[in-house]
Protein chains: 2
Amino acid sequence: MAAGLTERNKLRTRREMAEAAGRLFLERGYDATTVQDIADAAAVSPRTFFRYFPCKEDVVTAIASASMDDAIDHLGEYDENKTLRSVLTTMLRAVLAPVGDNSTRARGFQFMLRETPALRGRWLEERRKSRDRLADALAPWFGDDVDPMASRLLAGTVLLVLDEVMSRWADDPSLADPLGLLDEALRVLGEPLIPAGGQ
Amino acid sequence: MAAGLTERNKLRTRREMAEAAGRLFLERGYDATTVQDIADAAAVSPRTFFRYFPCKEDVVTAIASASMDDAIDHLGEYDENKTLRSVLTTMLRAVLAPVGDNSTRARGFQFMLRETPALRGRWLEERRKSRDRLADALAPWFGDDVDPMASRLLAGTVLLVLDEVMSRWADDPSLADPLGLLDEALRVLGEPLIPAGGQ
DNA sequence: GTCAACTTGGCAGCTTCTGCCATGATGACA
DNA sequence: TGTCATCATGGCAGAAGCTGCCAAGTTGAC
């Protein structure tokens, strides 16, 4: 439990760097903040920064993807009493609810992602990993011996929904949190994306 | 029509750089190929390379996203006699058919994308632009005054399908082209991603 | 034939990121 | 408590991506 002094110091260093980076990014922008700036603010050397975060973009994704990882992990084991819709709703709400707690910061991050191509690429890349993990977690609902195409497509589309909801929320300052936008998006997933029709 | 010598020279230079880059990337890998290498192979200076391609990754996306752009552009105007399914099928076939013509190269690119995080991020970023354009092109099929959520989700999911199909094709050397995988994926889109069920 | 516009090359410089080694702190064991 | 292996850190040098600036050569219009 004590976990050792070294271990605690490393956690603290990591947290201080992430906080300093997040603050500086929001203050002056991602590109205008150098790793040197972050290192100075966290009282470490740039060399140490790169030991904790493989690249500059990873500070942002490490901060922002943590809640997503948690939500997918807590999706839990397959339970035949829970419908696919209910577990997905629960997961998405778990991810979206905290956004309202610090909406200024969350909006800031959202806009920063939009305006910084390098960051958005890295972000989409992270999202892709989430998609794979979500697809695995959802697979049991589709049966064991079925082709995994359906679960993979659903997982990907659910993350598209999340993306869409967050983006709209960021653009509409009158919305306190993005939860209200979720229901309509989930409704769309309950109908065929391609309406029935001729060949 | 003559278009001027300068203009033709620029096109030639651009093509030579793209070809040299593509060849070198496939030969020795993306990371192991420097911009200097590409510039040498195309007999230009590195400085000129960056005048044509804003960053190294853009050579790859410029090559690979051209057919996608064409396909979306040729999706054409709204025609109420064409079903959504038919225009999407036409578009996806237009993108996937040429893959079989040079399958070795296409597989090489696919694996390169997989193994190079920076490239994949940039690729996903490009895909995102395609999604926006596709969503705009599909919007008329959803009616004018409807919320654009449905068309945006469909566009995103169609590109997920493309991604999935290409990935599976690349992994299965027995497949000449990826067209055979398309039908099943499109079938999934014709049914609700979330099966009907309780709340 | 002349001149303006433009393309290219080279150079210096910044930033991200990595390998290497010395230094100092931590923690285990006697 | 003392000793020693381990490990986190810092500093340094350097590669690679990328940009601004200016000089030189080419193109194309009059």
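Heavy-atom basis, side chains included; hydrogens, waters and symmetry copies ignored. In the text below, chain A, chain B and the rest are named by the order of the sequence lines, each starting its count at 1.
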Subject >> Nucleotide D:dA8, atom C1' - distance to CD of A:Glu16 in whole Å >> reply: 15 Å
Original post:
What distance do B:Leu119 atom CG and A:Glu125 atom CD have between them, rounded to the nearest 0.5 Å?
Top reply: 10.5 Å
Subject >> Same apolar cluster (I L V M F W Y, side chains within < 4.5 Å links), B:Met91/B:Trp141 >> reply: yes
Original post:
Contact class for B:Phe49 (heavy atom, under 4.0 Å): base, sugar-phosphate, or nothing?
Top reply: nothing
Original post:
To the nearest Å, how far apart are B:Lys10 NZ and C:dC6 C1'?
Top reply: 8 Å
**OP:** Calculate, to the nearest 0.5 Å, the distance between atoms CG and CG belonging to B:Leu134 and B:Asp73 respectively.
**Re:** 11.0 Å
Original post:
So, is A:Thr48 near the phosphate of D:dT9, with a side-chain N or O under 4.0 Å from OP1 or OP2?
Top reply: no
**OP:** Provide, to the nearest angstrom, the distance between the NZ atom belonging to A:Lys56 and the P atom belonging to D:dG17.
**Re:** 18 Å
**OP:** Return the 5'-most residue of the pair B:Asn9, B:Arg51 with respect to DNA chain D, ranking by each residue's nearest nucleotide.
**Re:** B:Arg51
**OP:** Round to the nearest Å and state the distance from B:Asp58 atom CG to D:dT19 atom P.
**Re:** 10 Å
Original post:
Looking at B:Tyr30, does the NZ or CZ of B:Lys56 lie under 6.0 angstrom from its six-membered ring centre and within 45 degrees of the ring axis?
Top reply: yes
Original post:
Reckon B:Pro54 touches a base, only the sugar-phosphate, or nothing at all at heavy-atom distances under 4.0 Å?
Top reply: sugar-phosphate
Original post:
Hey, is the side chain of A:Ser45 poking within less than 4.0 Å of OP1 or OP2 on D:dC12, counting only N and O atoms?
Top reply: no
**OP:** Calculate the interatomic distance between B:Leu119 atom CG and D:dG17 atom P; express it in whole Å.
**Re:** 13 Å
**OP:** Would you indicate which nucleotide in C:dC11, D:dC12, C:dT8 comes nearest to any side-chain atom of A:Arg47?
**Re:** D:dC12
Original post:
What residues in residues 24-41 of chain A put a non-hydrogen atom under 4.0 Å from any atom of DNA chain C?
Top reply: A:Thr33, A:Thr34, A:Val35
Original post:
Can you tell me how far the OG1 atom of A:Thr157 sits from the CG atom of B:Leu193, to the nearest 0.5 Å?
Top reply: 5.0 Å
Original post:
Are any of the side-chain heavy atoms of A:Trp123 and A:Glu57 separated by less than 4.5 Å?
Top reply: no
Original post:
Tell me: CE of A:Met17 to P of D:dG10, nearest whole Å?
Top reply: 9 Å
Original post:
Between C:dT8 and B:Tyr52, is there an OP1 or OP2 to side-chain N/O distance shorter than 4.0 Å?
Top reply: yes
Subject >> pair B:Phe25-B:Ile38: side-chain heavy atoms closer than 4.5 Å >> reply: yes
Subject >> Distance in angstrom units between A:Arg12 CZ and D:dT9 C1', rounded >> reply: 13 Å
Subject >> Rounded distance (Å) that lies between atom P of C:dT7 and atom CZ of B:Phe50 >> reply: 19 Å
